[in-house]
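In what follows, a structure is listed as C-alpha cells, so that the remarks can point back to it.
The basis for the numbers below is simple: all heavy atoms, side chains too, and nothing from hydrogens, waters or symmetry mates. All residue numbers in this chain count up from 1 along the given sequence.
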Amino acid sequence: KGAVTGAKTMSALPTRIEKEAGRPLTPLQIFDITAARETTLSRLLMLYISTGLIFMLLPGTFLGVWNLLAMSSHRAADSVSPAWIQAHGHAQIFGWIGTFILGIGFYSIPKLRRLNSFALSAVWSSWALWTVGVTVRWLTSVYQWEWRVLLPFSAVLELAAFAIFFRTVSGHRTQHSGPEDSGKTKLEEWVFVVIAGSVGLLLTLLVNFGVTLFLALRGASAEVPAEFDQRFLVLQTWGFLVPFVWGFSAKWLPVFLGLRPVRGRVLLLAVALNSAGVLAAFAGWMMAASLVLVVGLMTALYALRLLETPARPAKVKGVHTSFPVFVRLAYLWALIAASLGIWAASVQNPRGIWGASRHALTVGFLATMVFTIGPRVLPAFSGMRLLFSTKLMFVAALLLVLGCLLRVSSEILAYQGLVRSAWSWLPVSAIIEMTAVTLFAANLLATFVRPPPYARSSNRRRVVVASS
C-alpha cells in the first residue's frame, strides 16, 4: 500500500518540462518536446562534425598533399612557403579536431537538454564564429591578402567562439544544481583531464592571438617564425589535443574495450607530467620536454590500463571488430612520436625528425583515435544512427596507419639526406592518407544522411505513448 501511495505521489509531481511550460502536459506532449530537443541537439552535432570533415578534406588534407607534391618535385623541404604549411596545420588542428571537440562538448552537456531556444542559439553563434575564424585564418595564410588585419581578426573570432563554449560549460553545474545533485558533487578524474585540455585550448588561442597581433604590428609576413612555431606546436598538440584524447579515453575505453577501471589519480599525475613537458618545451628546453612527455605518456598508458588483459570482451557491435587493435595502435604511435622527439632534440639538424614526430602524433595518434572512436560514438550521438559501413571504417583506418608509416619513415630518410629516393615516397604517403580521410568522411556523411532506425517507427511509438 505504501509503495502504491508513493508511486501516486511521484506521478503527481510535475516534470521539469512541465515546470518550464508552466502547466500540466500529457505524456504525448512531453514526449514530443523531449524528442524535438534531442533532434535539435543531434542536428547541431552533425553540423559541427560535417564542418570539421570539410576542414579536414579541403584546407587540411588536400593542401597538405599539394605541399608534399611540391616538396617532392623539388626534393627540398623549403620549396613550399611556411605560411602554406602553417595554414594546413591550423585547418587540421582547429578546423577539424577542434570543431569536433566543440560539437561533442556542446552535445554532451546535460544542461543543453533544459535550455530554451535563445540559449541554444549561442551554440549556433559559437559554430559561426569558429567556422569563419578558421576559414579566414586559412585564406589569409594562403593568399596573404590584408593579413595585418585579418590574422588578428581571425584569432579574435576563434577566441569569441571558445568564450561562448566555456560560458555554456562552466554555467552548467552552478545554474542547475539542486538537492538531487547534492550527493554527486564530486567530479570523476576524466572530467579534470578534459578540463586540462580546455585550459590548453584557451592558452593556445590566447598565444595564437598574441602571435597574430605581433605579426600584424611588427612582422614582415604572415609566417610565424620557425623557432617559435616549433614550441607553439607542442602547446597545440601535447597541451591541447592530447589531454582531450586522454580524458575521453578514460571515459569511453573502459566500456568499449572492456578495460579494468582507470587509475584516476595516476592519470592526473600523467596530466601533470604532460603539462610540465609542454611548459619546458615552450621555454625552449626541448630535450627535457621530450623526456618528460615520454614519461607522462607511459604514465597515462599505465593509468588507462590499455596494455593489461581486459576484464570483459570489447563491445564491437556496430563497428568493425578491429576497433580495439587500432585504439592500441594509436597509443603506440604516440610513443613513437614522443621517442622521435628525444631523437630530434639530440641532433644538430633535426628538421625531418621533428616533422616525423609531429606527423606520428597528429596522424598516427590523434587522427587514428578519431577514425576509431568517431564511428563508435558519433552515429549514436547523431540521433541513434547506425554506422553506414563497418568495412569502410576498417579500410580507412588501415590506409591511415599505412600512409602514416610511409610518411614518417620517408620524411626522416628524405629530409635528413639519408635516402634520396625517399623524396618520391612522400606524395605516395600523402595520396594514401588522402584516400583514408576521404573514406572516413564519406562513411560519416553517409551515416548522417540516412534516417535513424527509430524514424521509421516514430508514429507507432507516438501511438503507444498516447495510449499509455
Side-chain angles (χ1 to χ4, degrees), residues 86 89-106 126 129-130 133-134 137 141 151-171 187 189-217 224-248 267-286 288-290 292-293 296-297 300 334 337-338 341 357-358 361-362 365-366:
Q86 291 167 10
H90 196 88
Q92 293 286 56
I93 292 176
F94 294 93
W96 174 23
I97 302 182
T99 307
F100 271 34
I101 289 174
L102 291 180
I104 294 173
F106 276 126
S126 180
L129 290 169
W130 185 264
V134 176
R137 173 60 181 268
S141 298
L151 276 185
F153 175 68
S154 68
V156 169
L157 292 179
E158 292 171 352
L159 268 173
F162 177 78
I164 295 174
F165 173 79
F166 181 78
R167 185 175 181 273
T168 305
V169 174
S170 62
L187 296 175
E189 286 84 356
W190 72 269
V191 178
F192 290 103
V193 181
V194 172
I195 290 174
S198 300
V199 173
L201 174 56
L202 175 60
L203 292 176
T204 299
L205 293 174
L206 289 173
V207 173
N208 179 60
F209 172 70
V211 170
T212 57
L213 190 61
F214 174 82
L215 291 175
L217 296 176
V224 179
E227 183 178 353
F228 180 82
D229 189 49
Q230 173 66 34
R231 304 179 188 181
F232 188 28
L233 283 170
V234 176
L235 175 61
Q236 295 177 48
T237 53
W238 290 96
F240 156 39
L241 296 176
V242 168
F244 265 112
V245 174
W246 288 357
F248 290 130
L267 185 59
L268 294 180
L269 174 61
V271 173
L273 290 169
N274 185 74
S275 302
V278 172
L279 291 175
F282 214 69
W285 306 329
M286 300 307 294
S290 300
V292 174
L293 289 175
L297 179 59
S357 174
R358 286 194 299 269
L361 184 65
T362 55
F365 176 51
L366 297 170

For Q230, all residues meeting side chain to side chain contact (heavy atoms under 4.5 Å, CB included), sequence neighbours excluded:
M286, W354, R358

Straight-line distance of I93 CD1 to L366 CG, nearest 0.5 Å
8.5 Å

So, for L273 and G296, which heavy atoms are closest and what is the spacing to 0.1 Å?
CB-CA, 3.8 Å

Residues that L129 engages under side chain to side chain contact (heavy atoms under 4.5 Å, CB included), provided they are two or more places apart:
L157, A160, A161, I164

side-chain contact (heavy atoms from CB on, under 4.5 Å) between L151 and S141, worked out:
CA-CA 8 Å; L151 276 185; S141 298; 4.3 Å; yes

Kindly list each side-chain donor-acceptor pair under 3.5 angstrom involving residues 200-211, sequence neighbours excluded, with atom names and distances?
from	atom 1	to	atom 2	distance (Å)
T204	OG1	G200	O	2.7
N208	OD1	R137	NH1	2.8
N208	ND2	E158	OE1	3.4

Approximate separation, where rounding is to 0.5 Å, of S198 OG and F165 CZ:
5.5 Å

How close do S357 and A337 get, counting heavy atoms only, and between which atoms?
OG-O, 2.7 Å

Salt bridge (Lys or Arg N to Asp or Glu O under 4.0 Å) pairs touching residues 230-242, sequence neighbours excluded, are E227-R231

If you apply the rule side-chain contact (heavy atoms from CB on, under 4.5 Å), what do you find for V234 with F282, and how did you get there?
CA-CA 8 Å; V234 176; F282 214 69; over 6 Å; no

Using the test side chain to side chain contact (heavy atoms under 4.5 Å, CB included), find all partners of I101 that sit at least two apart in sequence or belong to another chain.
I97, F240, L241, F244

Of all heavy-atom pairs between A270 and A300, which one has the smallest distance, and what is that distance?
CB-N, 3.5 Å

Does any N or O in the side chain of E189 come within less than 3.5 Å of the main-chain N or O of L267, such that one atom is a donor and the other an acceptor?
no

Taking all non-hydrogen atoms of both residues, which atom of S290 and which atom of G341 are closest, and how far apart?
OG-O, 3.3 Å

What residues form a side chain to side chain donor-acceptor pair (under 3.5 Å) with W246, not counting sequence neighbours?
none

In Å and rounded to the nearest 0.5 Å, what is the CH2 to CD1 distance from W190 to I195?
9.5 Å

Is there a side-chain contact (heavy atoms from CB on, under 4.5 Å) between F153 and T212 once you walk through the steps?
CA-CA 9 Å; F153 175 68; T212 57; over 6 Å; no

Under the ring pair (Phe, Tyr, Trp, His ring centres under 6.0 Å) test, which residues partner F248, sequence neighbours left out?
W252

Take V292 and N274 through the side-chain contact (heavy atoms from CB on, under 4.5 Å) test and state the conclusion after the steps.
CA-CA 7 Å; V292 174; N274 185 74; over 6 Å; no

Nearest non-hydrogen partners of A338 and L297, listed with the distance:
CB-CD2, 4.4 Å

Shortest non-hydrogen contact from G277 to A289?
O-CB, 3.2 Å

Taking only residues two or more places apart in sequence or in another chain, which ones pass side chain to side chain donor-acceptor pair (under 3.5 Å) with T99?
W130

About how many Å separate OG of S126 and CZ of F106, when rounded to the nearest 0.5 Å?
4.0 Å

